[in-house]
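Below, chain A is the first sequence line, B the second, and so on; all start at residue 1.
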Amino acid sequence: MARSWLDYKTDAWVQWCPGCGNFGILNALHRALAELDIDPSNLVVVTGIGCSGRSCYYIKGNTIHVLHGRAIPTATGIKIANPELTVIAEGGDGDMLGIGVEHFVSIGRRNLDITVIVHDNAVYGLTKGQAGPTLPSWWQTKALPGPNLHDNLNPLLLALASGYTFIARGYAYHVKETKELIKKAIEHKGTSLVQILQPCPTYNNIMTKDWYEERIYYLDQEDPNWDPQVASIDDFKNKMGTILEKMLEWGDKIPLGVFYVNLAKDTFEQRLEKVIPTYREYPPAKRPVSANGKPLVDPWILFADKVVKP
Amino acid sequence: MARSWLDYKTDAWVQWCPGCGNFGILNALHRALAELDIDPSNLVVVTGIGCSGRSCYYIKGNTIHVLHGRAIPTATGIKIANPELTVIAEGGDGDMLGIGVEHFVSIGRRNLDITVIVHDNAVYGLTKGQAGPTLPSWWQTKALPGPNLHDNLNPLLLALASGYTFIARGYAYHVKETKELIKKAIEHKGTSLVQILQPCPTYNNIMTKDWYEERIYYLDQEDPNWDPQVASIDDFKNKMGTILEKMLEWGDKIPLGVFYVNLAKDTFEQRLEKVIPTYREYPPAKRPVSANGKPLVDPWILFADKVVKP
Amino acid sequence: MHGVSNSNIDLKFLIGGPQGGGIESAGQIALKTFVLKGYQVIGTREYQSNIMGAHSYFTIRVKPERPGAINFPVDAATVLDAESVLTHFTDVKKDGFMVYDSSTIKTKIKTIAPMPKPLKERLIKFFEERGMEPTAESAVKVAEENGVKTIGLPMRDLIRKVASETSAPLSRVSKTLNTIGLATTLYLLGVEPNWIEKAIATHFAAKKKVVDMNILAARIAIEYVDEHYGGPCCFLPEGPHLGKETMLATGNEIVAMGKVVGGLTMQTYYPITPASDEALFLEGHRNFELAPWAEEVLRLKKLGAVVLQTEDELSAIMSALGAAVAGARTSTSTSGPGFALMNEAISLAIMAEIPVVITVWQRGGPSTGLPTREGQQDLLHTLFSGHGDNPKIVIASGDHIEAYYDAIKALNWAEKYQTPVIHLVDKYLASTITSLHREDIDPLKATVERGKFVENPGKDYLRYKITEDGISPRAPMGKVPLTWTGLEHTEDGMPTEDPIVRDQMIAKRRRKFETIAREIPDSEKVVLHGDPDAKITLVSWGSTKPIILEAMKLLEKEGIKVNFLQLRLFYPFPVKPVLDVLTNAELVIDIEQNDLAQAAFLIRGYTGFTIEHFVKKLTGRALWDTEVAHAVKRIVETGEKEVVVSGGA
Amino acid sequence: MHGVSNSNIDLKFLIGGPQGGGIESAGQIALKTFVLKGYQVIGTREYQSNIMGAHSYFTIRVKPERPGAINFPVDAATVLDAESVLTHFTDVKKDGFMVYDSSTIKTKIKTIAPMPKPLKERLIKFFEERGMEPTAESAVKVAEENGVKTIGLPMRDLIRKVASETSAPLSRVSKTLNTIGLATTLYLLGVEPNWIEKAIATHFAAKKKVVDMNILAARIAIEYVDEHYGGPCCFLPEGPHLGKETMLATGNEIVAMGKVVGGLTMQTYYPITPASDEALFLEGHRNFELAPWAEEVLRLKKLGAVVLQTEDELSAIMSALGAAVAGARTSTSTSGPGFALMNEAISLAIMAEIPVVITVWQRGGPSTGLPTREGQQDLLHTLFSGHGDNPKIVIASGDHIEAYYDAIKALNWAEKYQTPVIHLVDKYLASTITSLHREDIDPLKATVERGKFVENPGKDYLRYKITEDGISPRAPMGKVPLTWTGLEHTEDGMPTEDPIVRDQMIAKRRRKFETIAREIPDSEKVVLHGDPDAKITLVSWGSTKPIILEAMKLLEKEGIKVNFLQLRLFYPFPVKPVLDVLTNAELVIDIEQNDLAQAAFLIRGYTGFTIEHFVKKLTGRALWDTEVAHAVKRIVETGEKEVVVSGGA
Ligand SMILES: Cc1ncc(C[n+]2csc(CCOP(=O)(O)OP(=O)(O)O)c2C)c(N)n1
Ligand SMILES: Cc1ncc(C[n+]2csc(CCOP(=O)(O)OP(=O)(O)O)c2C)c(N)n1
Ligand code: SF4
Ligand code: SF4
Ligand SMILES: [Mg+2]
Ligand SMILES: [Mg+2]
């Protein structure tokens, strides 16, 4: 009865380079969807432009390939229009944290229940290897004519500052672990981020498989009592220090896992329901718009505030 | 010899509403400039669109009033083109943290030596009072047809996550203190933020003068040993916890002052100098472009890599 | 003052004052007064990009039937501060009157901080040349010399009197300043006090204290006028619509109404003048009760629409597109600068065939330009928006009623044709209030269509199925796996660069626009007003329509017979209907509020027909019927190529 | 194979293979080979939006003088994987030859994952209809049936041989696969091995090991061909330019060179295909030594330019504008989607009068469309970009040399006229390599102008001074206080809404464009190629220029005499020069790579002249001279309105 990960595969040729970390991410996502048994008809995947953005063609579901940087606002419209859909927004580091950082930040103010997956290879893959927003300064990957002059963004801290209520980091070649992170992110009610460290063997000749694998470790393996959940003011006081420290750790050691979960905030859907009582049952995508082709309202009643009665 | 703040005033009518916090900010800025004795000919103020954006007409200097949200990238171009100029980018909370948050974040990756001043009234003043990105959720200011559904951003934390190396918060009606913050921000070498809490008596009937004045306090008054400077890894370990705690404090108490200073990072100008040896002396705005109307280079020499020699 | 028959009534007046000084509220009370009295009205507001303190004014016209335009000079002006006196002292006609505050009359021009410098300089020169002091008092004198009756109200005293008769503090009572001025003016225009009072009561409705205070202020004002100026010569007769329920709505509001009636389920927006009032009005009415006929069919009492404020316009359009692919009936609303940011998304919507309505409230550009002023400069920009070969539907509304039905139609077209529909409106329409009767916006005259929207697609559903009419069935998300994309694609939405499929898909999208061109009736593409056989044809589009219709009446009186080709649909362009009319004319005059004569360019581009004569207004102020009539007359008489008009302070 | 005289030489061949498989490198070696041999060349690359694995190919043409176009069928094809064989087996002419890998020839079509589905389906059907197996081998057979000589190389063995003769691992040696194929082809085309080796040595330059390995591979290949296929019939004579220093540059590179020569001091960009290679090339050459003549004048040895990668295109254009107001000579570079995002800033640049060059590398739209394919669809979008009345200079380059000089000219115009200049180029130009001689891009032929740039403004400087020619002196920031703004303004840059000043400023900006229209000579606006008295006029713009010039020769041979009106400047539009030519023609045919016939629309819009016949190519593949010639011939013969061509895999 339950679905297999193969039920989420399409028959399109997956056009990534051999050894690309995207394969692992795709596989993890397929498996996460299967284990959560999400009906492909109810699944939405929105992707931006980039190598990673091609993912939408490899996932069976309601998919849409939009503009560079605009997966999140598109996903926002979809989720608000039909809150019953499971909505994932996916893109590269350039897509989400470069041109799309406007929306990456702003979605945090909504806590809309969507999952943001960042394929982080620290380069602009599809445009042939320019520096991505997560590439540290002075590093010069293969295709750059000179060293990168920009500092790297910390997506986890940025997500925290923006209001995300679930923040995790995975590693592309660890399919099993990444799958678990994605599952948790999807199950989380609210805006969730999964940053996935993704080797790009073609252009990122610094942050390679080896480079990552010498550095990464899992928070909950290092500390079996690791509990990222912040549910109370006390939790906040007690845990934020460590959580921030872990978020800021980047160098010889790179932590993976769930960094932060906050269940105290209403989702945007819940907020909408408070101001629009009929929202849950009749959200914008599932609402009648006419009665047999005739309008639903009489403006002379609805807009009585504009009518001057003699 | 030193200039007076009046030397930075223009004779334009200042068109803000009576009691608007912007008057205080303008005054603080005028005074900061005077005390730093910055030559108006060398001063650049770039503003976005909004009530606050009008500031550029009230400051004597090289000023430019650009597009909504785009003060920072304009300032970026100006500063890179001529690093000798003192460059300030100014705008409202909507301008800088709503439509402009893309650039607000991205400038942090450069640590370019400009000062970002956010007039934070938590509403969209000039468009008649819609919710700004710093207005807390469920609050309903005067002009809103319903409660605000979006959470408020924390500009300080966002700046930290983005890589700013100087982060401060002031209060509009405290001209003297705010002046000091602006002075420090301008003097700081690197990207600096001064968020200024700015009552908008016309549209923000919640975060009023009284509201703020019941809550605000200065970090260095509460703790005379307050030292926001993070210069070493030890500083980082010892101070970040408190700094973050203070950045996150927002409610019954609202801290003001300098939260964070990091002197360890190169400015973008310094980075450019490393890859373009002639940059300091001949930056883009001050460089010859021709020799008596003739080009400076011979493509057959400069682009020898493209020439096939027999 | 005017005859007893109501059929000749044509009253024009203005109320000027600082932004934030209750000008708009006074204007609305005035409109309500005349509506209650049985007249039709329009009122429009000129204001600067400023929240408080800069001069703004509200101009009103009252006629038995709906007036189409304002013009100057006016019959009466209520100008209670020195800047208003100085801005409008030449705007009142001979024998008209001007109500001013006698206590501020000594104000010197140079001390009026908010007054624009160029105006100051012109005024100082004006008075200097006449050997007069540069003060408001001189302006009053000049008005008097021009035959204007000036009514000085000692505002300080009158306010104090209101205060003494209520227990309210002076600061609150001061807010009745405009009521005092307005009541005086209305009274002198021949309106009986009881109507004024009724309008005040209607306007402030629930706020009893405010109502009482304002009524008291009105009474004190009227008393004063009676005593010092003898009151009006005679009273205004009742208008023909006495007792009729009347809607008073701005263009912003009427479009919002159209959208709700048209079945909009989600609107996104980022604030911008002059667009955001539309979205805010929508948001204020997001929950609604179904009309009886609908409740009966659907067995539902209440529904709601989502209005989403986004972080910017990129997000506004993208979240609208997202909602649309999910199955919502969606629109967004903006002005030029915001639309400029939507260009890339427009291109996506065309390639991916996503329905969305984009209401573009034009204002004066380029750039931030004159952000709160009229402009019709975004025709070419919107029509050619988005990179790539990018056809999209573009329609322009001429007045409130058209705007209302167009809002509904745009939603229908967007869904039927799965394409962005750009609905062009402008600042003049946005901030002009007009009176409407039930038959003008009858909900049952509207139909709501969704085209090939398939709620239950089969397993073999193909998002981009190649069809004869170029339209593929559209399924919402949440039914079967499907793919939308901005890349060139095969029928199932998978990307392809295959040259043969590329050509097929281009042809499919081209056929869609042929279908659109065929299905939309000519009558919705262009309208020819007036005598088809007139030798002179005026061409225009957008909110100039009622203004030109009024101008035609003026021209007719001068013996100049013209007809008027109103362009409604700009794409697909109605080549034949336009050519039929233009080639029939001996003289064609294009009337636009932009410098490039954008519509004339399009006409030539699409039909080859060259228009040689132009009337333009570029100042951002409302166009007057009289200006149009004069300019047309001048062209007819002199053969001039271009007449630029620029009336209005 | 071909005669001994070099004047008839016209070689065409292609190299196909997976992306990332060294196709481009092989193409460049081939170009270098022929250039060394004294010929002129072009080479162009077709590739998919993919980094590795999808099929791409490089087409080359070699002639004594610079070839203007590629076309098919080719004389030879190097197709070493099964997908390439199957994609190109009908692309080789009778008596030509096809070099393939005999070890992979059994591959079944359906197992070739990267092959586009629609192509797979067509091929399977093709072979089925012929009763053949759907394999690469069948394709080879069909080629043979068509008279193509097929050369099967046992690649596995040859590679192993290379490996055994070096100590390199097989994985590295495998990279010589293309060299093997290429050397074989070049050799069979009559190139002596020493030239091939010299080209390899030149290409890999410093990398000695790579050079050696590739030369060895070439030798082994040639040995094999000699042994099994008997080598070429005769050797290619030396070309007329033997020994001449020759530049081989893409369009991306040539524009970057033009910018550096033209005095660019700052370029901003956000990566996008096919634009970013321009910026990356610039960045690679950001530090430079001054030419002797300049060093002498300025007494400076070195300078640099800043190339800034921004967070998005909004920032790219805004930081370019920032740099410009600071006084830098500035440009940015993008493609359609990126340009779409710049619309609002364009409007600002026009209102605030900020100089900037925007190089727009067009590609196939709408939306992401065909992101790595040719398109000329952004003419209307760029011309009408930005809200408001928004005139700006728009120029399109026809070839590498024009692109180089236009890049310089655009910088001059931007600064002289303080306006955005849009420089239209496209993907075909971007990725086409051509050979250039010193006289083609002589730095001393270029002048660098800045117009009214005042380095030392006085205290009474007015940024927006009203002048007769509409151009106000421009001072950099850092000299005197001054104000730039996107709001309507007085001369000193202060915002105003004054109606009279508004009209004055509109008139000032309008005069500026009158000045531009007057100052730019007609010769830089349009070019009429061919006999002015020809009865048939072809109209086109952009990179079709050299293609059409080649097509004209083909047509001439068929007895059809045409001339060709190349549009260069689209705004201000050269009404008279265009009308003069078009009204003189009996038949006008518009040739464009977009569906809306955008230039034809503009011609009609600006001149009223209606073009009735169209040749279009929309597949995103390079346009061929032969296609153009056929299409024109067909229109001439049949009177057809529109011919859509679509050659190229
Ligand atoms: C508006 C716009 N600008 C630029 C591009 C070109 N572009 C395509 S993919 C890409 C970057 C891809 O980098 P990233 O998002 O990190 O994804 P990756 O390819 O690394 O997975 C860019 C800049 C575009 N498609 N649209
Ligand atoms: C692209 C664009 N979108 C919208 C606007 C309209 N607009 C003008 S000011 C403003 C918001 C102002 O709010 P804020 O930045 O907080 O400044 P404040 O007025 O509160 O100082 C907006 C949305 C615009 N000018 N340009
Ligand atoms: S370029 Fe990098 S990210 Fe893109 S497919 Fe290849 S390996 Fe993956
Ligand atoms: S609206 Fe608010 S922010 Fe704007 S000027 Fe008035 S008080 Fe100040
Ligand atoms: Mg990336
Ligand atoms: Mg604000």
Side-chain angles (χ1 to χ4, degrees), chain C residues 48-49 116-119 336-337 339-341 343-344 347-348 350-352 364-370 373 375 377-378 380-381 384-391 486-488 490 496-503 506 510 594-596 601-602 604-605 608 610 618-621 644 646 648-649, chain D residues 48-49 116-119 336-337 339-341 343-344 347-348 350-352 364-370 373 375 377-378 380-381 384-391 486-488 490 496-503 506 510 594-596 601-602 604-605 608 610 618-621 644 646 648-649:
Chain C
Q48 301 184 41
S49 176
K117 266 197 208 160
L119 176 58
F339 184 82
L341 288 171
N343 267 275
E344 195 196 4
S347 191
L348 170 67
I350 283 159
M351 185 59 143
S367 198
T368 324
L370 294 177
R373 302 289 186 178
Q377 309 179 329
D378 296 338
L380 295 173
H381 175 56
F384 298 115
S385 54
H387 57 288
D389 279 313
N390 257 340
L487 283 167
E488 193 56 277
T490 45
T496 192
E497 305 192 16
D498 187 76
I500 294 174
V501 177
R502 166 70 165 172
D503 274 342
I506 288 177
R510 196 193 301 148
N594 63 67
D595 193 34
L596 299 174
F601 176 83
L602 283 182
R604 186 150 68 170
T610 303
L618 306 168
T619 57
R621 271 58 174 188
V644 178
S646 56
Chain D
Q48 299 182 43
S49 176
K117 265 197 209 160
L119 176 58
F339 184 83
L341 288 171
N343 267 276
E344 196 196 2
S347 191
L348 171 66
I350 284 159
M351 185 59 143
S367 198
T368 326
L370 294 177
R373 305 287 186 177
Q377 308 179 331
D378 296 338
L380 294 174
H381 176 55
F384 297 115
S385 54
H387 57 287
D389 279 313
N390 256 341
L487 284 168
E488 192 57 276
T490 45
T496 191
E497 305 192 16
D498 186 76
I500 293 176
V501 177
R502 165 72 165 171
D503 275 342
I506 288 176
R510 196 193 301 150
N594 64 66
D595 194 34
L596 298 175
F601 175 82
L602 283 183
R604 185 150 69 171
T610 304
L618 307 168
T619 58
R621 273 56 173 186
V644 178
S646 57

In a check of side chain to side chain donor-acceptor pair (under 3.5 Å) between D/E497 and each of C/R621, C/R373, C/Q48, which one passes? C/R373

Heavy-atom donor-acceptor pair, [X] side chain to [Y] backbone, under 3.5 Å:
X      : Y      : answer
C/D389 : D/L596 : yes
C/H381 : D/S385 : no
D/D378 : C/G388 : yes
D/H387 : C/S367 : yes

Using a 4.5 angstrom heavy-atom cutoff, name the option from [options] with the most pairs to chain C.
options                        : answer
D/D498, D/T496, D/L380         : D/D498
D/P391, D/G386, D/G375, D/S646 : D/G386
D/A340, D/S347, D/P366, D/G365 : D/P366
D/G605, D/A649, D/G608         : D/G605

Which one wins on heavy-atom pair count under 4.5 Å against chain D: C/E344, C/R604, C/R510? C/R604

Pick from C/P116, C/G620, C/G486: which one has the most heavy-atom pairs with chain D under 4.5 Å? C/G486

When rounded to the nearest 0.5 angstrom, what distance separates CD1 in C/I506 from CG in D/D595? 6.0 Å

Specify the closest pair of heavy atoms between [X] and [Y], including all atoms of both residues, with the distance to one decimal.
X      : Y      : value
D/T490 : C/P118 : CG2-CG, 3.9 Å
C/P499 : D/G648 : CG-O, 3.7 Å
D/L487 : C/G369 : CD2-O, 3.3 Å

Under 4.5 Å heavy-atom distance to chain C, tell me which part of D/D503 shows up: side chain, backbone, both or neither. side chain

Run the salt bridge (charged side-chain N to carboxylate O under 4.0 Å, His left out) test against C/R502 and tell me which residues pass, sequence neighbours left out. C/E488

Can you tell which part of C/I350 gets under 4.5 Å to a heavy atom of chain D, answering side chain, backbone, both or neither? side chain

Interface moiety of C/N390 toward chain D, non-hydrogen atoms closer than 4.5 Å: both

Return the orientation label for the C/F601 and D/F601 ring planes: parallel under 30°, perpendicular over 60°, tilted otherwise. perpendicular

